[in-house]
Number of protein chains: 2
Amino acid sequence: MALDPKPRSTPSPVILVVEPYGGSIRHQNPNLPMVFWDDAALTRGDGIFETILIRDGKACNLQRHSERFKASAALLGLPEPILEGWHKATEMAIEEWYAHPSAGDASCTWTLSRGRASTGLASGWLTVTAVSAEKLAQRENGVSVMTSSRGYSVDTDLPGIAKATRGEVSKVSRTPAPWLTVGAKTLAYAANMAALRYATANGFDDVIFTEDDRVLEGATSTVVSFKGDKIRTPAPGGDILPGTTQAALFDYATEHGWRCKEKDLTMDHLFGADSVWLVSSVRIAARVTRLDGYKLPKPDNEKQIRDLITKALG
Amino acid sequence: MALDPKPRSTPSPVILVVEPYGGSIRHQNPNLPMVFWDDAALTRGDGIFETILIRDGKACNLQRHSERFKASAALLGLPEPILEGWHKATEMAIEEWYAHPSAGDASCTWTLSRGRASTGLASGWLTVTAVSAEKLAQRENGVSVMTSSRGYSVDTDLPGIAKATRGEVSKVSRTPAPWLTVGAKTLAYAANMAALRYATANGFDDVIFTEDDRVLEGATSTVVSFKGDKIRTPAPGGDILPGTTQAALFDYATEHGWRCKEKDLTMDHLFGADSVWLVSSVRIAARVTRLDGYKLPKPDNEKQIRDLITKALG
């Protein structure tokens with residue numbers, strides 16, 4: 001009697017507690033509680049994160065993620081991340097992840113929290129989980145997107161905000177002003193999640209935030225348009241979080257003869273482009289197939305663009 | 001030889017896990033981790049909270065806190081809180097708190113999170129901790145306050161926002177729109193905390209957010225002014241979270257002959273008032289002694305006002 005092949009299971013999440021001051025890196029059982037009742041990440045959303053794609057045994061676009069993590073920490077007045085520790089933890093987690101026979105692409109999240117009120121010490125951890133089937137499907141099939149006002153406008157004319165929100169923290173006053181958290185990738189993502197739930201409840205897959213006619217960003221992604229050999233994205237900074245995937249794409253594409261520019265984009269620009277994409281670390285690139293219900297044409301070079309963005313991640 | 005009295009220790013925090021669907025209420029050891037790595041409160045600040053003053057063995061202003069908790073949950077699309085369960089847990093925690101011989105005023109926080117990504121079930125817990133010495137001192141001595149732009153403006157002319165952000169959730173569309181989280185008391189308080197850190201680093205105790213000349217709210221409190229028998233507060237709703245302490249004060253003071261009004265306030269109004277206060281659940285009322293460095297005069301009726309606000313909490 002032939003034996004059935006063993007069913008492919010999904011690897012368990014890999015969770016590592018990373019001491020932010022350079023201490024130990026240790027395993028956390030995903031089935032046991034990890035965080036204390038008075039951790040600021042929990043009580044105030046007071047922490048930062050980065051989500052990094054793990055592919056073919058390596059962390060993609062690691063340098064840009066590391067820089068933004070450091071910039072976010074500085075903007076929130078968190079202790080400067082010891083990147084060697086985070087990189088070492090990431091390597092450990094990757095090794096463990098790929099020990100599972102059916103391990104594929106994974107999503108690695110670094111979190112740095114202001115930590116427990118009762119100790120005054122920052123806390124940190126790293127998780128590696130499988131890329132969801134939904135994200136994998138959206139890479140292939142694209143997404144239907146609605147646009148929405150964000151519900152608030154960031155005062156982008158405040159002093160120093162342009163530089164600070166691009167992560168060039170050394171160029172602004174050393175004391176981060178209250179409003180500067182808008183440039184950091186903080187845990188305060190409830191509004192973005194609410195926007196995504198609203199979109200899903202109304203038959204869409206994703207959201208692009210707009211301010212009047214100005215295109216801002218996706219709920220968890222950067223908007224990029226292609227037309228001929230031109231690639232455009234809304235200028236990051238101010239009310240638009242600088243995207244690590246977009247930055248990698250622009251550097252790589254420029255080297256390969258594309259003409260890339262960061263500039264204000266209008267809705268008309270999106271409707272007039274050859275193709276519109278939402279780029280982000282783990283989903284990588286999802287083509288916008290419908291925008292507010294209007295079908296966007298499928299471009300001839302869809303595969304070429306997908307390859308370009310994937311290669312840009314190194 | 002006379003025995004020295006036993007030194008007064010502080011009671012340990014009381015932590016109860018409250019199952020949001022009406023299941024068990026159980027003790028959590030504050031020295032052990034409580035929350036799982038994939039809880040949305042932790043990963044996205046995706047949850048709501050209320051902070052309630054515990055005084056003389058009872059929870060103050062419980063009705064208004066309960067209503068706002070319910071309204072916040074509805075705005076975020078969280079399961080409707082089973083208030084009987086939260087009230088029962090609060091009673092249990094109060095009883096345990098006062099079992100300690102040196103228990104005084106305490107702060108009780110209810111948290112309801114969207115919960116674990118891996119289970120899809122909401123999670124909830126309650127904590128009771130001592131009121132900090134700093135808050136107790138600020139009740140007595142007042143606070144030196146700086147004003148600051150919030151860094152963003154809420155689009156208050158969005159449809160339904162006025163009603164929704166006042167908690168009258170039944171009057172707006174049943175599906176919460178993305179932007180409606182601005183009216184809920186969510187865990188996304190990192191920006192408020194950053195503003196407070198900035199204030200402290202610059203020699204102030206607290207922050208009042210303003211938009212140009214318009215007074216909005218404190219970082220964790222409501223602004224109230226007194227002049228003669230008139231009490232004023234910036235009209236809540238839109239970009240100003242409705243305050244439970246302010247609401248209790250206005251109801252009680254109106255019954256006792258004060259003339260209370262919610263209306264837009266300017267900075268000039270604050271400088272022209274007899275006294276300006278920051279009111280909130282646990283600190284109750286802290287008089288603003290300095291505003292942007294200018295000394296505000298001490299009113300003749302400071303004690304009377306403090307008594308009024310305290311009595312309003314029932």
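Hydrogens, waters and symmetry mates are skipped; everything else that's a heavy atom, side chains included, is used. Sequence lines set the chain letters: A, B, ... in the order given, protein chains first and strands last, and positions in each chain run from 1. Just so you know, these numbers come straight off a predicted model, no measurement behind them.
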Trace of the side-chain contact (heavy atoms from CB on, under 4.5 Å) decision for D39(B) with M34(A)
CA-CA 10 Å; D39(B) 193 290; M34(A) 177 178 74; over 6 Å; no
Which is it for F36(B) and Q28(A) under the side-chain contact (heavy atoms from CB on, under 4.5 Å) test, yes or no, and what are the steps along the way?
CA-CA 10 Å; F36(B) 290 85; Q28(A) 163 72 33; over 6 Å; no
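Here the side chain of R197(B) pairs a donor or acceptor atom with the backbone of L76(A) at under 3.5 angstrom.
Of the two parts of I15(A), only the side chain, counted from C-beta on, holds a non-hydrogen atom closer than 4.5 Å to a non-hydrogen atom of chain B. With a 4.5 Å cut-off on non-hydrogen atoms, T43(B) touches chain A through its backbone but not through its side chain. With a 4.5 Å cut-off on non-hydrogen atoms, T129(A) touches chain B through its side chain but not through its backbone. In this structure, the portion of N31(A) lying under 4.5 Å from any heavy atom of chain B is its backbone and not its side chain.
Top candidate by heavy-atom pairs under 4.5 Å with chain B, chosen from G47(A), G45(A), A41(A), P33(A), is P33(A).
Note: L42(A) CG to T111(B) OG1 = 7.0 Å, rounded to the nearest 0.5 Å.
Nearest heavy-atom pair, W37(B) versus P13(A), reported as atom, atom and distance to 0.1 Å: CZ2-CG, 3.5 Å.
For D212(B), the CG atom is loosely surrounded, since the number of other residues' heavy atoms within 6.0 Å does not exceed 12.
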